[in-house]
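No hydrogens, no waters, no symmetry mates; every other heavy atom, side chains included, goes into these values. Computed from a prediction, not measured in an experiment: that's the story for all the values here.
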Amino acid sequence: MQAPADCPINILRPHEACTGTGVEFTWAFDGSSSAHARDIVTDTGWKIVLDRGLDIFQPPVKRDGFNLGDRLQEHRMVKGFYVTYVQELRT
């Protein structure tokens with residue numbers, strides 16, 4: 001996978017994290033500047049539409065070094081968001 005030169009290197013991290021796990025993760029960069037979609041399309045006919053994208057977590061509070069929310073995402077508060085599941089018809 002090749003990221004555009006002006007993209008942060010972190011764009012490659014999800015693909016790298018899935019390597020060797022049995023999860024096939026691919027992505028494509030739309031350079032047309034016309035798309036602003038926040039969705040995930042699966043190879044099983046489902047589209048998951050995210051109104052906030054993946055930015056659903058509140059920033060960490062950083063009160064002290066022992067606050068789990070500062071270190072572990074599963075202990076952080078989330079922002080309000082909608083998720084819509086759409087099953088695409090296959091022909």
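Note on L50: it clusters hydrophobically with F81, by side-chain heavy-atom contacts below 4.5 Å among ILVMFWY residues. In the hydrophobic clustering of ILVMFWY residues, with side-chain heavy atoms under 4.5 Å counting as a link, W46 and I40 come out together. Hydrophobic clustering (ILVMFWY, side-chain heavy atoms < 4.5 Å, transitive): I56 and Y85 are in one cluster.
We find the CZ-CE distance between F57 and M77 to be 11.5 Å, quoted to the nearest 0.5 Å. E88 CD to T42 OG1: the interatomic distance, rounded to the nearest 0.5 Å, is 7.5 Å.
Surrounding CD of Q58 are more than 12 heavy atoms belonging to other residues, nucleotides or ligands, all under 6.0 Å away.
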Are I48 and V83 close enough, and set up right, to give a side chain to side chain contact (heavy atoms under 4.5 Å, CB included), and what steps lead you there? CA-CA 7 Å; I48 305 163; V83 177; 3.7 Å; yes
Would D39 and K47 count as a side chain to side chain contact (heavy atoms under 4.5 Å, CB included) if you check the C-alpha gap in whole Å, the side-chain angles of each, and the deciding distance to 0.1 Å? CA-CA 7 Å; D39 56 45; K47 179 187 281 191; 4.0 Å; yes
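In terms of heavy atoms, Y82 sits closest to D51 at N-OD1, 2.8 Å.
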